[in-house]
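In what follows, chains carry the letters A, B, and so on, assigned in the order in which the sequence lines appear, proteins first and then strands, with residues in each chain numbered from 1.
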Amino acid sequence: MAWWLMKSEPDVYGIGHLQAEGTTLWDGIRNYQARNFMRSMQVGDLAFFYHSNASPPGIVGLMEVIETGVVDPSQFDPTSKYHDPAATQEAPRWDCVRLAYRRTFPAMLSLDRLREHFSVDDLAVVRRGNRLSILPVSDSSAERIFRLMGLEPDG
DNA sequence: GCCAACGTTGGC
DNA sequence: GCCAACGTTGGC
């Protein structure tokens, strides 16, 4: 079981949306490094839900990978902002994973607080200017995140 | 709104 | 293959 951190803008799709829906397809990822991280995910992996472009930004909840290797349907949709004219049904370029809501944390763990406790080597999201929307999290960093919130680790 | 970081694109 | 221009992300 591996840990991840996945960013989304709360105005676009926040933890509340996921809580209401129960599950979601993490589609629209158009960055190869982020896509490759999703390709390495396995069912049962856990991911911290991170609110980006928020004030303040930070970790707000937890979700679980429930399906991997899903072809991202938005790449074929000409009306989608994620449409990729270079993608074909025979040779899709983008895939994604399906996630299930696990929990909303009692309080956000803000980026400021993360920076007080983690170096960029421990947790890449604290690196200034990090634009990558999906990041791996080490077991020890995941445990420290829960401890910082005063919670027992899931998983 | 600004700007740093950085991935992508295209000319050569 | 190099690199400048450009676009996007995301913090502030």
(message) Just the rounded figure in Å: distance from P of C/dT9 to CD1 of A/I29.
(response) 10 Å
(request) Please work out which of the three classes, parallel, tilted or perpendicular, describes the rings of A/W3 and A/F48, given edges at 30° and 60°. (result) parallel
(request) Could you check how far CZ of A/R30 sits from P of C/dT8, rounded to whole Å? (result) 14 Å
(message) Is there a side-chain contact between A/E143 and A/S140 in this structure, where contact means two heavy atoms from C-beta onward sitting under 4.5 Å apart?
(response) no
Between side-chain atoms of residues 126-136 of chain A and protein atoms elsewhere (two or more places apart, or another chain), which donor-acceptor pairs fall under 3.5 Å?
unit_1, atom_1, unit_2, atom_2, d
A/N130, OD1, A/L132, N, 2.9
A/N130, ND2, A/A124, O, 2.8

(message) Which residues pass the side chain to side chain contact (heavy atoms under 4.5 Å, CB included) test with A/V71, not counting sequence neighbours?
(response) A/Q75, A/F76, A/P92
(request) Give, ordered by number, those residues of residues 83-93 of chain A having at least one heavy-atom distance below 4.0 Å to an atom of DNA chain C; if nothing qualifies, reply none. (result) none
(message) List the residues meeting side chain to side chain contact (heavy atoms under 4.5 Å, CB included) with A/D77, not counting sequence neighbours, and say none if there are none.
(response) A/T79, A/S80
(message) Please report the distance, rounded to the nearest Å, between CZ in A/R127 and P in B/dG7.
(response) 8 Å
(message) Once rounded to the nearest 0.5 Å, what's the spacing between atom OH of A/Y101 and atom CZ of A/F49?
(response) 10.5 Å
Below 3.5 Å is the cut-off: list the nitrogen or oxygen pairs between protein and nucleotides 10-12 of chain C, distance only.
unit_1, atom_1, unit_2, atom_2, d
C/dG10, OP1, A/R131, O, 3.0
C/dG11, OP1, A/Y50, OH, 2.8
C/dG11, OP2, A/N53, N, 2.8
C/dC12, OP1, A/R115, NH1, 2.6

(message) Just to verify, which of A/R93, A/R35, A/R30 counts as forming a salt bridge (charged side-chain N to carboxylate O under 4.0 Å, His left out) with A/D72?
(response) A/R30
(request) Any pair with a residue in residues 42-52 of chain A that passes side chain to side chain donor-acceptor pair (under 3.5 Å), sequence neighbours left out, goes on the list, sorted by first then second residue, please. (result) A/W4-A/D45
(message) Whole angstroms only, please: what is the CZ-P distance between A/F37 and B/dG7?
(response) 11 Å
